[in-house]
Amino acid sequence: MLQALFQPEFAMLLTGLLLVLTVFAGLVTSRIGFPAIVGFLGLGILAGVEGPGGIVFDDYLLTQGVGMVCLAFILFSGGLDTNWRAVRPMLGPALVLATFGVGITAGVVALAAIWLLNFAPLQAFLLGAVVASTDAAAVFSVLRSSDLDIQDDVPALLELESGSNDPMAIFLVTALLTFTAATQPAPLSLLPEFGQQMVVGALVGLAIGFLFPEMLKRMSLRQGGLAFVVSIAAALLAFGAASLLGGNGFLAVYVAGVLAGTRTFAAKPIVRTFQDGLAWLAQVVMFLTLGLLLTPSNLLPIMGAGLAVTVVLILVARPLAVFACLLPFRRFSARTMLFVSWAGLRGAVPIVLAIFPIVAGVEGAFAIFNVVFFVVLVSSVIQGPSINRIAKWLHIGEKPKDDPNGAPAASRKGEGPPAAGA
């Protein structure tokens, strides 16, 4: 049996079976009112070392790489699906939330971890930075499966925020990790690096987002499938080029997707459909891998700590960040800001970021990872299924959508697995 595990045929069979079962688990959980990521993660856990599958998997470096590649394709697809004309009015508020909001959330969670959990300051601020950003995959999924017409351009705000706040969280995590090295830079000395990451990432994204449609126009591909290859290359080039030039790869792929989505080219509909399917595959692979990585028994000792962090994050840190960032924009009512606070869903991004301290060998990194995993699971189970009810309760989402697919005004009305996030 052990020898069979290393045979390509058996590996292909096992991989295909896991993918099919993961999709099935996601559909089942979504139909009973939970986000699909719960099913994806759940199957990974069942297939893992303490589940019936018994698969031993503990390669954190590989999981980090898989997570980064998958997030790149998810963000690129989300950018392609974004209606720039609809979301442009929300650019200012979204960017404030994606930067200052992430910082405020990280700080509040860190202070709570120091006070409630007796975490060391570095450990506490790493935890805060890891859980500070909302997850693009989770937000896109929930909003596009909603049967409500959410008002006040809230879907546009949430999609732009979730697509652009990962760079800030990644910068905070990597900056904090530098303080574990022998040479500890002053915090203010990191600001030029942050500016460089944002500017270079945005410029590379704009360049790729312009060149990608131009290539498809000028190449006149006789084989339609080659357009898919070019679209994959665009996402990889945006991420890789930005990272090598000192920019933020995640920002680059999202900006490239948004700009490409505003252009007109012959293969645009099929490329969007292909990238949507690729994004779903990325979600399945990413959550399945993360589920395999988890040892469920490790969550039991940190349940109290995880619950405390979840309560602070959902009821204190996120609302405080949203109100502080959106109050200057007078167009948002208190009800809208409450809904935006509740819709700050966490997903794969915090779990992937929680692997960074483990790979860097930071003391207490495994405790951070387990707490973050617990927070993501609990917040997904609580927040995801209640989005529609909260919108109705706050009277900002009472009209049924005209589109039977349930896509928000800010998005292309595309296809996807039903009720993936609600």
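Along the sequence shown, residues carry numbers from 1.
- Across all their heavy atoms, Ser133 and Pro350 have their closest contact at O-CG, 4.2 Å.
- Between the side chain of Asp276 and the main chain of Arg272, no donor-acceptor pair closer than 3.5 Å is present.
- When all heavy atoms of Val322 and Met337 are compared, the closest pair comes out as CG1-O, 3.5 Å.
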Discussion item. Assess the residue pair Phe57 and Thr289 against the criterion (side-chain contact (heavy atoms from CB on, under 4.5 Å)); give the C-alpha distance rounded to whole Å, side-chain angles, the decisive distance to 0.1 Å, and a yes or no.
Written reply: CA-CA 9 Å; Phe57 180 76; Thr289 305; 3.8 Å; yes
Verdict with supporting geometry, Glu50 and Ser297, side chain to side chain donor-acceptor pair (under 3.5 Å) = CA-CA 8 Å; Glu50 291 187 348; Ser297 60; 2.6 Å; yes
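- Counting non-hydrogen atoms of other residues, nucleotides and ligands closer than 6.0 Å to CD of Gln196 gives a total above 12.
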Q.
With side-chain contact (heavy atoms from CB on, under 4.5 Å) as the criterion, how do Val309 and Val371 come out once you've worked through the C-alpha distance, each side chain's angles and the decisive distance to 0.1 Å?
A. CA-CA 8 Å; Val309 172; Val371 169; 4.1 Å; yes
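- Among all heavy-atom pairs drawn from Leu299 and Asn370, the shortest one is CD2-O, 3.4 Å.
- The aromatic ring centres of Tyr60 and Phe356 sit 6.0 Å or more apart.
- Listed for the Ser231 side chain is a donor-acceptor partner under 3.5 Å among the backbone atoms of Phe228.
- Checking side-chain atoms of Arg346 against main-chain N and O of Val131 turns up a donor-acceptor pair under 3.5 Å.
- For the pairing with Phe332, the side-chain contact (heavy atoms from CB on, under 4.5 Å) check across Val340, Leu327, Val154, Leu157 returns one residue only, Leu157.
- Once rounded to the nearest 0.5 Å, the distance linking CZ of Phe339 with CG of Leu394 reads 8.0 Å.
- Put simply, the side chain of Ser77 never gets that close to the backbone of Phe73: no donor and acceptor are under 3.5 Å apart.
- Between Tyr254 and Phe250, a ring centre-to-centre spacing not shorter than 6.0 Å is recorded.
- The two residues Val130 and Ala354 have their closest heavy-atom pair at CG1-N, 3.8 Å.
- From Asp166, atom CG reaches atom CD of Glu161 across 10.0 Å, with rounding to the nearest 0.5 Å.
- For Phe76 and Phe239, the ring centers sit 6.0 Å or farther from each other.
- Here the shortest heavy-atom pairing between Phe373 and Leu41 reads CZ-CD2, 3.7 Å.
- Evaluation of the salt bridge (charged side-chain N to carboxylate O under 4.0 Å, His left out) rule for Arg263 yields Glu214 as partners, not counting sequence neighbours.
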request  = Starting from the C-alpha separation in whole Å, work towards a yes-or-no answer on side-chain contact (heavy atoms from CB on, under 4.5 Å) for Gln64 and Leu61.
outcome  = CA-CA 5 Å; Gln64 183 186 48; Leu61 185 59; 3.7 Å; yes
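- Within the model, atoms CG of Leu206 and CG of Leu211 stand 10.5 Å from one another, a figure rounded to the nearest 0.5 Å.
- Contact detail for Pro296 and Ile45: the closest heavy-atom pair is CG-CG2, 3.4 Å.
- Here the straight-line distance linking atom OG1 of Thr105 with atom CG of Asn165 works out to 9.0 Å at 0.5 Å rounding.
- A distance of 9.5 Å separates CG of Asn298 from CZ of Phe369, quoted to the nearest 0.5 Å.
- Distance check: Leu259 CG to Thr82 OG1 gives 12.0 Å after rounding to the nearest 0.5 Å.
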- Query: For Trp280 and Ile74, what are the C-alpha separation, side-chain angles and deciding distance, and is it a side-chain contact (heavy atoms from CB on, under 4.5 Å)?
  - Reply: CA-CA 8 Å; Trp280 276 106; Ile74 291 168; over 6 Å; no
